[in-house]
Amino acid sequence: MSPDTTHHLDTTVPLLEIHEASVMRGERLILDRLSLRLAIGQHTAILGANGSGKSTLIRLISRQLYPLARRDGAPVMRVFGRDRWSVSELRGLIGIVSPAVQLDYTSDSPLEVFDVVVSGFFAARGLGLDHQVTASMREREHQALAQMEASQLIGREMASLSTGEARRVLIARALVHRPRALLLDEPCAGLDPASRRRFLESLRQLAHHGTTLLLVTHHVEEILPEIDHVLLLHDGKVLQEGSKNRVLTDEALTAAFGMPMRLARQGEYYAADVG
Ligand SMILES: Nc1ncnc2c1ncn2[C@@H]1O[C@H](COP(=O)(O)OP(=O)(O)OP(=O)(O)O)[C@@H](O)[C@H]1O
């Protein structure tokens, strides 16, 4: 995206505002009048069981799916108060990293880490002959990789990386734009408990340095101390929303996951068990 676009952002309005979004997939209503308001710096977790509509919500935000038009004609989604953005402008404002993106980068054709990250500037999967990489792009890329503690991976092929390493690289790719927000879908999928904690600590650093985090997950364990706002999604609807101390209870998790759940505090984090 061009620097001009971010220049004219109205940062007094919410970074993301979804107002009564209903989304159909096939014949089914998958999101049912879902509303969400995300202010700058309001780190948020969207927690829900399999099939609750999380991926559909992400696809709505990334404009891969469209909501039903509202009767009153009002826009369903606004980013910084505006409803009309090109997909590439949006990508520069809200970086998205999901398992689907990761699969795309780690399977088949060989791609080298540095090329993958810098290609973020061109919204391309890798570098092409027509991509002019400038010195400032390279500098920004080094910063983004350092932010994700992934500088040592330069030179490696994506397909050779562990799940956690590849995810760090893809977040660095999203960070080259200095997005205002990062939307992370199942950020810890495939990570062992120690890698998960190290990875979450890197995300905490991003949160401290001005990136608003929106985490979409099944796991309360991934709710970082910096995240205070939690939205529980159930069957395409918001079951509860508010500060985590209020929303995260045995009763609410039991309702969200459809099975008795017990919640425990673990220092600044949470854990949950069935039973
Ligand atoms: N193309 C489709 N046609 C019909 N139903 C669909 C389609 N895609 C998804 N669904 C249904 O929509 C519901 C929500 O799916 P979605 O993938 O958004 O959930 P999710 O919360 O991301 O689940 P998971 O955690 O398992 O990835 C599910 O019941 C799913 O079967």
Side-chain angles (χ1 to χ4, degrees), residues 16-38 43-69 76-77 79 87 90-91 94-107 163-164 166-167 170-171 174 181-193 196 199-200 203 213-224 227 229-242 244 247-248 252-261 263 270-274:
L16 175 67
E17 209 174 1
I18 296 176
H19 188 53
E20 297 186 351
S22 294
V23 175
M24 303 281 300
R25 296 183 88 172
E27 298 287 291
R28 286 185 54 198
L29 183 65
I30 306 297
L31 293 184
D32 186 5
R33 286 162 293 157
L34 183 140
S35 296
L36 165 68
R37 223 176 121 91
L38 187 66
H43 309 296
T44 298
I46 295 175
L47 192 67
N50 290 126
S52 56
K54 302 183 301 299
S55 309
T56 305
L57 175 59
I58 292 169
R59 283 164 172 266
L60 171 73
I61 296 172
S62 62
R63 307 225 162 170
Q64 291 167 281
L65 282 175
Y66 286 89
L68 298 177
V76 169
M77 190 167 89
V79 175
V87 170
L90 266 185
R91 200 178 281 138
I94 304 177
I96 300 181
V97 179
S98 66
V101 170
Q102 181 149 351
L103 191 65
D104 183 38
Y105 277 90
T106 47
S107 53
T163 305
R167 198 154 302 149
L170 292 175
I171 293 179
L182 259 189
L183 169 51
L184 302 173
D185 181 12
E186 295 298 338
C188 299
L191 303 187
D192 66 57
R196 174 165 73 190
F199 185 73
L200 291 173
L203 296 184
L213 298 180
L214 180 56
L215 247 68
V216 178
T217 180
H218 306 117
H219 303 291
V220 291
E221 290 81 356
E222 294 172 14
I223 300 178
L224 311 166
I227 292 179
H229 191 221
V230 174
L231 189 146
L232 277 185
L233 197 61
H234 179 67
D235 221 359
K237 298 189 187 71
V238 177
L239 192 65
Q240 279 202 37
E241 182 183 6
K244 65 181 169 192
V247 170
L248 294 180
L253 291 184
T254 297
F257 289 91
M259 200 172 264
M261 300 283 287
L263 186 73
Y270 289 86
D273 264 325
V274 174

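Numbers here simply count residues along the sequence, with the first being 1. Just follow the structure's listing: the first ligand is 1, and inside any ligand the first atom is 1. Only this structure's heavy atoms are used, side chains among them; waters, hydrogens and symmetry mates stay out.
Protein heavy atom closest to atom 23 (O) of ligand 1, with residue, atom name and distance, is G51 N, 2.8 Å. Among all protein heavy atoms, the one lying closest to atom 26 (O) of ligand 1 is N50 ND2, 2.9 Å. Protein heavy atom at the shortest distance from atom 15 (O) of ligand 1 is T56 OG1, 4.0 Å.
One finds the CG atom of L233 at 10.5 Å from the NE2 atom of H218 (value rounded to the nearest 0.5 Å). Expressed to the nearest 0.5 Å, how far CG of L38 lies from CD1 of I61 amounts to 8.0 Å. Atom OH of Y270 sits about 10.0 Å away from atom CG of L253, to the nearest 0.5 Å.
Listed by number with element, the atoms of ligand 1 under 4.0 Å from a non-hydrogen atom of A49 are 21 (O). Listed by number with element, the atoms of ligand 1 under 4.0 Å from a non-hydrogen atom of K54 are 18 (O), 19 (O), 20 (P), 21 (O), 22 (O), 23 (O), 24 (P), 25 (O). Taking a cut-off of under 4.0 Å to the non-hydrogen atoms of S55, the atoms of ligand 1 that pass are 17 (O), 18 (O), 20 (P), 22 (O), 27 (O).
For the pair G236 and ligand 1, no heavy-atom separation below 4.0 Å is found. Heavy-atom distances between G53 and ligand 1 reach below 4.0 Å in at least one pair.
The heavy atom nearest to atom 5 (N) of ligand 1, considering only I30, L233, V23, is found in I30. If you check each of M24, E27, R25 against atom 3 (N) of ligand 1, the one with the closest non-hydrogen atom is R25. Comparing heavy-atom distances from atom 31 (O) of ligand 1 across R28, H234, E186, H218 singles out R28 as nearest.
When side chains are defined from C-beta on, L191 counts as touching R167, because their heavy atoms get closer than 4.5 Å.
Partner H229 forms a side chain to side chain donor-acceptor pair (under 3.5 Å) with one of E241, R37, H43 and no other, that one being E241.
Annotation: M24, atom CE; neighbour count of heavy atoms from other residues, nucleotides and ligands within 6.0 Å is above 12. The neighbour count for R33 CZ, taken as heavy atoms of other residues, nucleotides or ligands under 6.0 Å away, does not exceed 12.
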| Taking it one step at a time, do L248 and I223 satisfy side-chain contact (heavy atoms from CB on, under 4.5 Å)? | CA-CA 11 Å; L248 294 180; I223 300 178; 3.9 Å; yes
